[in-house]
Amino acid sequence: MSAEEGDWNFYLRTVSNSARDSNITNGPASDPSLLRAVKKLCEFCKREDKTSDDLVARVYPHLNKLFQRSVASLSQSNSSNGLLLLGILQFFLDFGEVVLHDADPSLHTFIRSCLSREFADPIVAAATLDFLYVNKNKLLISFPNLLPQFFPLILKLTAWNGGKLEKPFLKVLPGLVSPGSFLPLFPSLMDLPILVVALEKVERSSGSLVGNNIASIQKSKAPEMLLALMDEAYTGTTIGERGGDESEESSTINVADPLFLELLKDENDGLVKRHWTSPGIAAVLQAAKNSPQSDRLKQILKIAPRLLDAYFTIALRDANSSLICALIPILMTRISALFPDQNYMYEVRRRLLEFMLAAFHRSPDLIPLLKKPIIDRLGNAYDSTEKTELALQLCWAVGEYGGGGPTHKDAARELFESLELLLYENLSSSRLGLRQEAAVNSNRKSFSKSSQSRLLCFVITAITKLATHHRELLPRARVALIKSGICLPVLGPSRPSHGFVHYPGTVNWNEGGNKMVAHIPFYILGEQEGPPFHDFSLSDVLPRRS
């Protein structure tokens, strides 16, 4: 017998003996040599020779039994089973066709029974992401719904284990996106910081989620609490209804809070709406704002915006217009519902607005389809600083893309009317300024005036651009510009100046090239045709003397 054959027989005996062992307390994973034996057998079977299929057929029954035994011992084993089960799953994926084994039930069993308990183990978490990446093509072809179904659990293990898993997760992220997960994945990525807060709350209430090994986790109540919370989310049965001795600390977790139940789920249920208005979440967010941030929370606050970048890149590349159209109203809602960290809010809001504008640039016909949420957001422009910024960007997009183009006359008219209303409201009431109390400091007042001025400029520009796309709106646009005072520098003063008489409705062409800087409004008043172009000087628009 050759040395190689001897190794083969040794590894096969090791697996066979463990598969026949009926001791549930000491699960297969308690034998450190077993994982090495499984990996070595897989290597033998991958060799391309005429005996490889025979080797696969001999190994498969033992690995299948070993898999079942490992799963059965999960609740009582003191050792982590994750790495061993991943090794066996790799064999199932590599040789399933040879032995006619459908790996789908095995994959679901691993995720639901093992990974849901061991996600907090950094070694298991890293190995899982590596397994998913290595087998990405196989999973997408043979089991296309697997990763989209379990993306909440994959997010959970990534959020809990921090920055060292960011790059591995980004490699797996495209596989999480499907038509059924595209929309729910967005708020889940947005809420990674609150997910960390929720997990830390469970840890404080029920014991550590992370230890040197899985034994310290299973001796605590934390995994059971997580499973109980998830079970309540699925079945409606509360922890208290199950009876048992619940400690006072455990009861501090508000199991009725809907957002916590959503955050702690392991599977995608297709729901997009998050219960950010619940009293429990409001209290948690306030506490998080006023308390020192943990290292884990600090890490995820930096990671989450970069994950959103990757998500938006995938969306613009792969998602169809229907999904993008459904995503943008959610984005508009969430722009004012973010975890209360200043830098995080700035980074996320910037990315949300950039994606929204990129989506409109890719598909301008989304604007008429989304006219109702756009009009609603324009109507809320004065409610808060972030809503003002959203309204600014929407004004720009509506004008830039002509309300969706020349074929969308009705939508353009409705959007124009909304812009008119916003303009006249800005001019007549100065609501941002009026809402400030006398005691508010001068910096705040100055900022409010600046926001109001910016909004006024954006609205005027949008009205002008929209009218250049839809000529039937020109008379109303001129009235709007006149009422806003733009007509005074454009059309010239009524009083004599430098010996020349200027009448309303005329332009001093000689001075236009160096005194007039708001180019777009002059474009419409100069009776130009077609959509406006950019970066032109006034001399390009106004006629010159020969």
Side-chain angles (χ1 to χ4, degrees), residues 27-29 35 38 63 66-93 103-136 138-140 143 145-162 164-166 168-169 171-173 175-176 181 185 188 192 195-196 198-199 202-203 208-211 213-218 220 222-231 233-234 263-269:
L35 178 60
V38 170
L63 289 184
L66 183 61
F67 184 88
Q68 302 302 327
R69 182 181 170 234
S70 298
V71 171
S73 66
L74 281 171
S75 60
Q76 300 184 34
S77 175
N78 294 323
S79 303
S80 170
N81 289 269
L83 298 182
L84 177 61
L85 290 175
L86 285 172
I88 299 174
L89 284 173
Q90 189 62 62
F91 179 90
F92 291 162
L93 288 178
D104 187 59
S106 302
L107 290 166
H108 279 76
T109 298
F110 165 74
I111 295 174
R112 286 175 172 155
S113 301
C114 178
L115 190 60
S116 61
R117 295 175 178 272
E118 300 185 14
F119 74 90
D121 186 325
I123 297 176
V124 173
T128 299
L129 290 179
D130 183 63
F131 171 84
L132 296 177
Y133 176 68
V134 169
N135 297 285
K136 179 175 61 175
K138 293 179 183 178
L139 295 175
L140 291 178
F143 317 105
N145 297 321
L146 181 73
L147 297 184
Q149 179 180 351
F150 291 101
F151 81 76
L153 180 55
I154 299 172
L155 283 179
K156 189 189 299 184
L157 68 85
T158 303
W160 186 255
N161 291 283
K164 54 185 175 291
L165 294 186
E166 178 183 358
F169 175 78
K171 295 179 180 179
V172 174
L173 179 59
L176 306 184
S181 66
L185 183 57
S188 297
L192 284 175
L195 171 60
V196 168
L199 291 172
V202 172
E203 184 183 54
S208 176
L209 290 173
V210 183
N213 53 53
I214 202 67
S216 63
I217 299 177
Q218 289 187 333
S220 75
E224 285 71 21
M225 176 61 74
L226 278 175
L227 293 174
L229 287 171
M230 289 182 288
D231 186 46
Y234 289 116
L263 290 168
L264 297 174
K265 285 181 180 178
D266 287 343
E267 297 186 42
N268 172 27
D269 55 13

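Excluded from the calculations below are hydrogen atoms, water molecules and symmetry mates; all remaining heavy atoms, backbone and side chain alike, are included.
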If every non-hydrogen atom of [X] is compared with every non-hydrogen atom of [Y], which pair is closest and at what distance?
X	Y	answer
Leu153	Ser116	CD2-N, 4.0 Å
Ser106	Leu89	CB-CD2, 3.7 Å
Leu199	Lys156	CD1-CG, 3.8 Å
Phe110	Leu85	CD1-CB, 3.8 Å
Asn161	Pro122	OD1-CA, 3.2 Å

Discussion item. Could you work out, with side-chain contact (heavy atoms from CB on, under 4.5 Å) as the rule, every residue matching Ala127, not counting sequence neighbours?
Written reply: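 For Ala127, the residues satisfying side-chain contact (heavy atoms from CB on, under 4.5 Å) (neighbours in sequence not counted) are Leu83, Leu86.
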
Item to complete: Could you check if a side-chain atom of Asp266 sits within less than 4.5 angstrom of a side-chain atom of Arg112, using non-hydrogen atoms only?
Response: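 No, every pair of side-chain atoms sits at 4.5 Å or beyond.
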
Worksheet item: Side chains of Leu192 and Thr158: closer than 4.5 Å at any heavy-atom pair?
Response: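 In short, these two side chains do not touch, never coming nearer than 4.5 Å.
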
Worksheet item: For Lys136, what residues pass the side chain to side chain donor-acceptor pair (under 3.5 Å) criterion, not counting sequence neighbours?
Response: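 Once residues adjacent in sequence are excluded, Lys136 has no partner under the side chain to side chain donor-acceptor pair (under 3.5 Å) criterion.
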
Discussion item. Are there over 12 heavy-atom neighbours, none belonging to Phe143, within less than 6.0 Å of that residue's CZ?
Written reply: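 Counting other residues, nucleotides and ligands, CZ of Phe143 exceeds 12 neighbours.
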
Worksheet item: Within the distance-only criterion (no hydrogens, no angle test), does the side chain of Ser70 pair as donor or acceptor with the backbone N or O of Asn81 below 3.5 angstrom?
Response: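 No: the side chain of Ser70 does not pair with the backbone of Asn81.
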
Worksheet item: Does the Asp104 side chain pair with the main chain of Leu146, one donor and one acceptor, at a distance under 3.5 Å?
Response: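 No; zero donor-acceptor contacts below 3.5 Å.
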
